[in-house]
Amino acid sequence: MSELLQFLISGLTVGAVYALVALGFTLVYHAADVVNFAQGEFVMLGGMVTVFAYAAGVPLPLAALLAVIVAVVVGLLLYWLAIAPARGASAVSLIIITIGASILLRGAAQIVFDKQFHKLPAFSGDTPIHLLGAVIQPQSLWVLGGAALVVLTLYYVMERTLIGKAVVATAANRLAARLVGVNVTTVMALAFGGSAAIGAIAGILITPITLTSYDVGTLLALKGFAAAMLGGMGNPLGAVIGGLLLGLLESFGAGYVSSTYKDAIAFIVILAVLFVAPQGLVGRRTVERV
Amino acid sequence: MAHYTHVLRSVAVGATALALSSFSLMHTALAASTIKLGSVLSITGPASFLGDPEDKTLKMYVDKLNAAGGVDGKKIELVVYDDGGDANKARTFATRLVEDDKVVAMIGGSTTGTTMAMIPVFEEAQIPFISFAGAVEIIEPVRKYVFKTPHTDKMACEKIFENIKARKFTKVAMISGTDGFGSSMRAQCLKVAPAYGVSIVAEETYGPRDSDMTAQLTKIKAAPGVEAVVNPGFGQGPAIVTRNYAQLGMSSTPLYQSHGVASKSFIELAGPAAEGVRLPAAALLVADKLPDNDPQKKVVTEYKKTYEDTTKQPVSTFGGHAYDGLTILVEAMQRAKSTDPKKVRDEIEKTKGFVGTGGIVTMSPTDHLGLDLSAFKMLEVKNGDWTLVQPGS
């Protein structure tokens with residue numbers, strides 16, 4: 001029983017991170033129809049900038065804020081310098097652009113920062129919480145809570161604000177949105193900035209648990225993308241479900257089946273789901289709603 | 001307009017050709033008075049923590065040698081390529097070193113994977129190759145032109161089990177990385193365990209990029225009778241294993257890491273969780289704690305000082321492997337009074353009583369490593385620093 005709980009906790013923690021990365025994918029895909037493979041690099045930027053600012057003597061909350069700002073600036077630059085000029089290019093070209101941006105960011109991080117692994121202190125100490133024989137790290141609660149907060153904020157913005165409605169309108173039909181006075185370019189820039197912020201927050205929250213380095217983004221982008229596919233590309237709810245499910249699959253796979261085939265189990269299940277429901281678990285029905 | 005571009009183009013072509021030819025002329029003029037050594041290292045990528053200190057060490061000592069007049073009056077010219085940890089790239093660079101750069105000897109190859117990919121190239125070209133990688137398969141079976149400087153994973157397993165036996169433990173669990181180093185060491189540990197009366201009662205693995213090993217450790221925690229845990233692996237994986245281990249409250253069971261984490265950054269990354277962790281490592285890590293009569297004391301303190309003064313980074317054993325490789329090669333060339341690859345190879349094989357950072361090296365036609373178990377020290381992390389474990393405790 002205590003084992004089951006332990007697998008559940010570590011699965012949810014890792015899953016929450018996948019969910020945040022998947023949310024970033026979703027937001028950009030939703031607004032701009034671009035699969036942004038530089039999403040993992042925002043996570044890396046979040047962690048690395050915080051680590052280096054903190055090491056330079058900036059208090060942790062300020063360092064974290066700085067990291068989010070840096071990531072947002074990079075996200076906006078990515079949009080203005082690489083995506084916007086390629087307007088009208090095919091989906092594949094856009095994907096290649098984002099992959100190129102991802103390689104560029106990783107290379108730049110190698111030079112600006114370094115090639116070592118880095119850690120951050122846990123936000124509220126390392127004393128584990130014991131629950132029914134399982135152990136919870138306080139940082140896990142930060143990750144889960146932070147992810148929940150991001151999801152709720154995003155939900156509120158998308159559903160209750162004018163900006164959110166503009167994003168939904170842009171996603172549904174770009175031309176129609178423009179005709180009713182939505183500034184489509186601004187909306188897309190917002191989506192890139194927003195997804196960068198979400199990625200950076202994920203990076204800051206997980207660094208105390210997983211450590212960070214200039215190239216952590218690659219694997220996280222892959223897992224986040226898988227989570228987004230599993231949940232249904234372009235659907236925020238799907239991203240959350242897909243992320244948590246992928247984390248749990250990995251954890252239970254390693255715990256009950258075999259740690260050797262942990263990644264394989266997760267990806268086989270994803271493949272199976274996509275065969276049965278190619279649009280992902282939640283599909284992209286919400287887009288048609290408008 | 002078209003005419004202009006035509007003229008421009010021919011000027012450009014001419015200038016390039018001129019630049020190229022003068023460059024290659026310079027190149028041949030240089031080659032006559034220098035000794036060309038090649039190196040392929042994983043300076044970037046997942047194994048950069050190996051390649052980076054190796055690269056810095058080689059450059060530092062080649063500059064030093066050249067400033068002191070070089071080898072037999074000839075300056076050393078070092079050609080370094082970065083394979084990013086990719087075995088395919090390593091092989092391409094190896095071919096380039098042999099065919100284009102025409103090096104007389106090769107030092108480097110940061111990982112087992114890249115080294116194994118390069119071996120056939122240097123064996124065929126009959127150029128001596130001293131690798132900095134860990135696995136025993138590089139020198140077993142013995143290949144005529146291939147040598148290596150670091151301790152093998154097999155030796156690490158033996159050293160660990162020796163200590164486990166001394167503490168009268170018999171039931172051991174293993175959690176291994178699935179990277180080349182981790183899986184090779186895992187296999188060696190499984191092979192030598194019975195010789196020390198140790199049985200492996202639980203076995204788990206993790207991917208080199210995994211960010212959470214709680215699930216695997218929970219399984220080990222639940223396995224009955226585990227008296228010690230051994231973790232073959234390198235990179236950030238073992239640091240996360242160590243942190244998860246402490247978080248799950250498993251610290252009362254001794255945890256053994258491999259020499260794959262033998263750098264100060266491991267203690268920094270694992271934090272307080274590293275307290276009490278043991279691992280076999282070269283004397284270099286405890287240079288200042290060695291007794292004065294230790295034969296390696298002088299070499300390791302000097303290397304440590306030079307490296308830390310130049311790079312402002314803490315020393316790791318990996319850079320030490322590069323120092324050993326370069327020094328063994330230079331000494332062999334001095335003894336051979338020649339840079340002929342075949343003569344140099346013969347002299348490398350005759351290396352005897354060489355005191356390096358990794359231990360005292362005595363090679364032979366059947367041993368292209370030349371280290372025994374005494375080259376390893378058993379260390380324990382105490383108060384955020386390495387301490388020597390007294391034999392038998």
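All of these numbers come straight from a predicted model, not from anything done at the bench. Chain letters run A, B, ... following the sequence lines, proteins first and then strands; every chain starts at 1.
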With the side chain counted from C-beta on, respond yes when [X] and [Y] share a heavy-atom pair under 4.5 Å apart, and no when they do not.
X	Y	answer
A:I198	A:L27	yes
B:M185	B:I160	yes
A:L8	A:F252	yes
B:V229	B:M174	no
A:Q39	A:L220	no

At a heavy-atom separation under 4.5 Å, does [X] approach chain A through its side chain, its backbone, both, or neither?
X	result
B:T178	neither
B:T44	both
B:I43	both

Criterion side chain to side chain donor-acceptor pair (under 3.5 Å) on B:Y206 and B:N231, from CA distance to verdict: CA-CA 10 Å; B:Y206 58 85; B:N231 176 13; 3.0 Å; yes
Using non-hydrogen atoms and a 4.5 Å limit, figure out which bit of A:H118 sits close to chain B: side chain, backbone, both or neither.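 The backbone, not the side chain.
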Which bit of A:F117 comes within less than 4.5 Å of chain B, counting heavy atoms only: side chain, backbone, both or neither?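 Its backbone and side chain both get close to chain B.
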Do B:F132 and B:F318 have ring centres separated by under 6.0 Å?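 B:F132 vs B:F318: aromatic centres not under 6.0 Å.
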Looking only at the aromatic ring of each residue, does the gap between the centers of A:Y256 and A:F7 stay below 6.0 angstrom?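 Distance test on ring centres: under 6.0 Å, yes.
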If you tally heavy-atom pairs under 4.5 Å against chain A, which of B:S211, B:G249, B:S265 wins?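 Option with the top pair count is B:S211.
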I'd like to know which of B:L269, B:I175, B:N244, B:I240 tops the heavy-atom pair count under 4.5 Å against chain A.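 Heavy-atom pair counts peak at B:L269.
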A quick test of your reading: do over 12 heavy atoms of other residues, nucleotides or ligands sit less than 6.0 Å from CH2 of A:W142?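 Incorrect, the count does not exceed 12.
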Whether over 12 other heavy atoms sit under 6.0 Å from B:K171 NZ: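 For B:K171, atom NZ is not crowded (no more than 12 foreign heavy atoms under 6.0 Å).
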Is B:S42 reaching over with its side chain to a backbone N or O of B:S48, donor-acceptor style, under 3.5 angstrom?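 Pair absent, no side-chain N/O of B:S42 close to backbone of B:S48.
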Charged N to carboxylate O below 4.0 Å: is that the case for B:K89 and B:D82?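 No, this pair does not count.
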Applying a heavy-atom distance below 4.5 Å, give me the residues of residues 206-214 of chain A that approach chain B, sorted by number.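 So far as heavy atoms go, A:P208, A:I209, A:T210, A:L211, A:S213, A:Y214 are the residues that approach chain B to under 4.5 Å.
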Residues in residues 99-114 of chain A near chain B [non-hydrogen atoms, under 4.5 Å]: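 Result: A:Q110.
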Run B:T114 and B:T111 through side chain to side chain donor-acceptor pair (under 3.5 Å) and show every step you take. CA-CA 5 Å; B:T114 55; B:T111 73; 3.1 Å; yes
